[in-house]
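This is a predicted model, so every value here is computed, not measured. In what follows, every chain begins at residue 1, and chains take the letters A, B, ... in the order their sequences are listed.
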Amino acid sequence: MPGVTVNLAARTAHRSDFCGELQANDEGREVVLCGWVNARREHSQHLAFVDLRDHTGVVQCVVDNAHDLRNEYVLRVTGVVTKRTVDTVNPNLGTGEIEIKECEVEVLSTAEPLPFQMDGRTDVDENLRLRHRYLDLRSERMQRNLRLRSRVNSAIRGAMEAQGFVEIETPFLIASTPEGARDFVVPSRHSPGQFYALPQSPQLFKQLCMVGGVDRYYQIARCLRDEDLRADRQFEFTQLDAEASFVSQDDVLAFVTEAVAAATEAVTGERPGEIPRMTWHDAMERYGSDKPDIRFGMELVELTEVFAGTGFNAFKAPAVKGLRVPGGAGKTRKQLDELTDKAKQWGAKGLVWMKVQDGGALNSPVAKFLSEQEQTGIAKVLDAEPGDLLLLVADERAKARHVLGLLRLELGRPPVNEGGFSFLWVVDFPLFEALDEHGSPIPAHHPFTMPHEDDMALLDTADPTDLLQVRSQAYDLTLNGWELGSGSVRIHRPDIQSRMFALLGIGEDEARRKFGFLLDAFTYGAPPHAGFAFGIDRLATLLAGEENIREVIAFPKTQTGADPLTGAPTEIDPAHLDELGLRLLPEKQ
RNA sequence: GGUCCCGUGGUGCAGUUUGGAGUGCACGCUGGCCUGUCAAGCCAGAGGUCGCGGGUUCAAAUCCCGUCGGGACCGCCA
C-alpha cells in the first residue's frame, strides 16, 4: 500500500509504533501502541479521549467509553491513525494533527493513584520523588535528563575512541591509600580485620596502564568518596578518566576539549568555541576562586596600594581587595548586615561597604576614617558610578580573595541555565597549597604531579615558603563556575619522585608502604605521561540546565547519604558481621 | 563540626509575624451528568497525629526548648 511506513525501531512483539512519533503521513495505518494513560477526558458513555504516553510523547486515542480506565494504567491500543478535522487539531501536541480511532483497548496493567502528580506543573517534594523514583523517572524531565546523559556518554566514548584511546576497566576493590578524600571501605571475609577501599578514582591504575604500554587509556569510571554531599556532589559519581603517554599538557587539553565539545554538541547541536585559558593566579586574583564563573564580570579589584599608608586600622592588612556591585546602592541596611554576617561566616574579619552617591561621594560607616585621597582612590580603581555598591575586604591575601569571590557569586551569579556554556581551562596550579604544622608543604593535587619546568630550581630552595611559589603542570576544566575536573603531567622519573616525597616529608619507608607498587613499576621503563578526569554528572547537569546533580542521576542519595527508595544504608545481620570479623561499638552518647 | 531555610488532607500552597473552632485556594481521588475534548467542563462527596516529643498559656499549626526528616551553604572533597 503506497505511503505506508513501518517503524522498525519501535516494532516489538507487543507494539508497532511509538506514541509520540505518529504524524499525518501515517494516516490510514493500523497501529498497535503501548503506554501509560497520561490523561482521559470522558464526555459521555459514547465518547472519551485517552492520551496514551510512552517515552517519545503522547497521542490521543478516541474511545467509546473510558470509565474503567484510570491514569497510569498500562494499555495496548489497536487502532487506525486518522487525521483530525481542522477545528480539532491540537498545535500544542507533537502528534496533534492526528488521533487514533476505532480503538480496541487492552489493559495490560492497572495502577493505584500516584502518590504525587507528575504533570510537571508543580515542584514535588524531592524526598517524595526519590522515595518513588520509579514513578518520577516517568516524568518528561527525568526522561529528558537520562536520555541527555546517555547521549553525553556516547559522544564522549566516540570522541575518545576516535582519538585512539582504549577503554579499560579497573578494579573496584583496591588498597586504601591515606591521601585524598575519605575512603569507603569493604571488609574482607577471607582476611578478617583487613579491608578493601572503593576507588576515589582509578588514578594509580591508569598510570600503571601507561607503564604497561597502553599509550592511551580511558574509562567512564565510577568513583566513590566518603565526603559530605552537596548540590554538585554525590558519594558515587562518574568521571571520564583518561591518561596518555608521550604527551604534553597541551596534548591532554586538546584530547579533553574534543570530548567535552562532542558531548556539548550532542546536546545543544553546536560545538563550543575554543576554550580560553587562565592561570590559577589570575583566577584567584580576579575571581577569588580556582573555578571562576566567567559568565559575568564583577571582577575583584586590587586596593592594597591605595591603603599603603592608611591610618584606618582595619585596612592595615597584607591585602585589601574590593568588588563593585553595579546599581547595588539600593541595598537596605538589613541586607548589608546580612552580607556582613555571611562574610564573617566565610572567615573574614569584617566587610566594609560603601554606597556611591550622586556626585561620587561615598556613603559608608567607615568613610570618616578614610582620607580624601583614599576615597577618590577607591572610586577610581573600582571605576565606581553613582548608585553602585562597593565591598571591601582587608585580610590575608588568600582570605580576602576567597571571601570576595563568594560575595561576587552571591551578588552577581546568573541562574545556572542562563548565558550559555562558558568553559575555561585553569592552568599553572601551584604545586603546594600550604605548609603543614611541621613546615612541610601540602600537595595541591597529588604527589605524582610534575612541577612546572621553569620552577624546578625553586624546589632546591632553603626557605620552605618559597615552595609555595612553585607552579605545577596541573590544570582544571571549569564550566559556569563548576569544577568539571582536573589533571596533570605526572612524574615518571624515580629521582624526581623521590625528591618530591622528601619535600612532602614522606619517608622512604612510608612511600614504599603506600605506593611501592607504583614506584617499582616506574623502575622498569615508565613513559612520560599525563592525564585528566572530569565529572560526567556535573557536565550533564549543566548541559541539562539543571541546578542539581541529582536531576541527572537515576537513583541518587540525599544530603545525608540515604536512599529513600531502598532505605540504604541499613544494619546487617549479626552473623554477617561475625563472618567478617567485625563487632559494632556502642552508640556514642 | 557549624550557619541558614522548609515540614499543614494524596499533591502543591496560603494561614505562623500579632495565639482564639482544622479556616481557605488549586490539583488529585470517589460517584453522577455530558458526543470533539486535549491541564475538558458541570454537580455532589470523601479525605487532617498541622513531622514527632516536651514546655508556656484559660487556649498552640502559630510562642519556647528538644528531636526527626529534607534542602542550601561553610568546613571537608589530594
Side-chain angles (χ1 to χ4, degrees), chain A residues 38-52 58-67 70-72 84-96 99 101 112-132 135 177-183 200-201 203-204 223-235 237 291 338 341-348 402-403 406 409-410 429 431-434 441-449 472 474 483 486 488 504 506 514-515 533 535 547-548 550 557-562 564:
Chain A
N38 199 55
R40 79 211 138 91
R41 296 173 289 281
E42 204 173 0
H43 279 260
S44 71
Q45 293 183 3
H46 305 292
L47 177 66
F49 301 97
V50 172
D51 289 343
L52 195 66
V58 165
V59 68
Q60 172 167 285
C61 304
V62 185
V63 300
D64 279 347
N65 183 328
H67 194 258
R70 293 290 182 273
N71 284 343
E72 300 306 315
R84 298 196 191 188
T85 60
V86 173
D87 56 319
T88 59
V89 163
N90 182 356
N92 300 319
L93 194 63
T95 58
E99 61 194 358
K101 288 192 141 177
E112 294 297 316
L114 263 44
F116 57 88
Q117 287 155 255
M118 33 161 276
D119 53 17
R121 276 182 287 164
T122 49
D123 284 334
V124 179
D125 177 73
E126 197 185 355
N127 203 32
L128 191 63
R129 290 173 58 200
L130 293 183
R131 201 154 66 232
H132 303 278
L135 298 177
T177 52
E179 269 72 26
R182 197 175 294 115
D183 281 328
Q200 298 175 26
S201 79
Q203 180 62 38
L204 299 179
C223 304
L224 299 104
R225 295 178 190 174
D226 188 5
E227 298 292 346
D228 288 355
L229 288 74
R230 288 289 159 74
D232 63 352
R233 276 169 22 196
Q234 285 269 305
F235 285 156
F237 60 101
K291 46 181 178 178
E338 284 168 1
D341 286 345
K342 281 188 178 170
K344 284 180 180 168
Q345 200 208 324
W346 291 330
H402 175 66
V403 172
L406 290 171
L409 293 177
E410 176 82 16
F429 269 65
L431 190 59
F432 307 110
E433 64 178 24
I442 301 165
H445 193 53
H446 58 57
F448 317 111
T449 304
S472 66
E483 179 190 326
S486 60
S488 62
L504 294 172
I506 300 175
K514 290 174 178 169
F515 310 112
E547 298 182 340
N548 196 299
R550 294 187 296 271
K557 306 247 183 317
T558 66
Q559 201 166 61
T560 52

Determine whether a donor-acceptor pair (one donor, one acceptor, N or O, separation below 3.5 Å) exists between the side chain of A/Arg40 and the base of B/rC38. no
Between the base of B/rU37 and the side chain of A/Gln60, is there a donor and acceptor pair under 3.5 angstrom? yes
Compute whether any side-chain donor of one residue and acceptor of the other, for A/Gln60 and A/Arg41, lie under 3.5 angstrom apart. yes
Ignoring backbone atoms, test whether A/His46 places a side-chain nitrogen or oxygen under 4.0 Å from the OP1 or OP2 oxygen of B/rC34. no
Sequence neighbours excluded, which residues qualify as salt bridge (charged side-chain N to carboxylate O under 4.0 Å, His left out) partners of A/Glu547? none
Does A/Arg41 have a side-chain nitrogen or oxygen under 4.0 Å from the phosphate oxygens OP1 or OP2 of B/rA40? yes
Within the 4.0 Å heavy-atom criterion, would you say A/His402 contacts the bases, only the backbone, or no part of the nucleic acid? sugar-phosphate
Given B/rG12, B/rA72, B/rC33, which nucleotide is nearest the side-chain atoms of A/Gln45? B/rC33
Name the nucleic acid region contacted by A/Asp341, choosing base, sugar-phosphate or nothing; use a 4.0 angstrom heavy-atom cut-off, strictly under. nothing
Polar pair under 3.5 Å, donor/acceptor by atom type, side chain A/Asp228, base B/rG75: yes
Roughly, in whole Å, what's the span from CG in A/Leu229 to C1' in B/rC77? 10 Å
Who pairs with B/rC25 - Watson-Crick or G-U, where each distance is under 3.5 Å: B/rG12
Centroid distance under 5.5 Å and plane angle under 30°, A/Phe116 vs B/rU11: no
hbond_proxy A/Gln117 side chain to B/rG12 base (donor-acceptor, 3.5 Å cutoff): no
Indicate, yes or no, whether a donor-acceptor pair under 3.5 Å links the base of B/rG36 to the side chain of A/Glu99. yes
Could you tell me whether A/Asp183 and A/Arg225 have a side-chain N and a carboxylate O separated by less than 4.0 Å? no
Side-chain N,O (A/Thr560) to OP1/OP2 (B/rG70) below 4.0 Å: yes
Just to be sure I understand the rule, does A/Val89 reach a base, reach only the sugar-phosphate, or reach nothing, if contact means heavy atoms closer than 4.0 Å? base
Is the aromatic ring of A/His43 within stacking range of B/rG36, meaning centres under 5.5 angstrom and planes under 30 degrees? no
Between the base of B/rC76 and the side chain of A/Arg225, is one N or O donor paired with an acceptor at under 3.5 angstrom? no
Atom CG of A/Asp87 to atom P of B/rU35: distance rounded to whole Å? 17 Å
Under 4.0 Å from OP1 or OP2 of B/rC38: is there any side-chain N or O of A/Asn38 that close? no
Which nucleotide sits closest to the side chain of A/Ala231: B/rC27, B/rG12, B/rC73? B/rC73
Under 4.0 angstrom between A/Gln559 side-chain N/O and B/rA72 OP1 or OP2: yes
Is there a donor-acceptor pair closer than 3.5 Å between any side-chain N or O of A/Glu72 and the backbone N or O of A/Glu112? no
Who passes side-chain hydrogen bond (donor to acceptor under 3.5 Å, both in side chains) against A/His402, sequence neighbours left out? none
By the Watson-Crick or G-U definition, both distances under 3.5 Å, B/rG69 is matched with B/rC6
Selection from B/rC34, B/rC77, B/rG12 that lies nearest to any side-chain heavy atom of A/Glu42: B/rC34
Under-4.0 Å side-chain N/O to phosphate OP1/OP2 contact, A/Thr558 with B/rG70: yes
Using heavy atoms to find the nearest nucleotide of RNA chain B for A/Lys101 and A/Ala181 separately, return the residue whose nucleotide is more 5′. A/Lys101
Give each protein N/O atom lying under 3.5 Å from an N/O atom of nucleotides 2-5 of chain B, with the pair distance.
from, atom 1, to, atom 2, distance (Å)
B/rG2, N2, A/Gln345, NE2, 3.1

Under 4.0 Å between a side-chain N or O of A/Arg550 and OP1 or OP2 of B/rA72? yes
Atom CZ of A/Arg70 and atom P of B/rC29 are separated, to the nearest Å, by 8 Å
With sugar-phosphate meaning primed atoms plus P, OP1 and OP2, does A/Asn71 contact a base, only sugar-phosphate, or nothing at under 4.0 Å between heavy atoms? sugar-phosphate
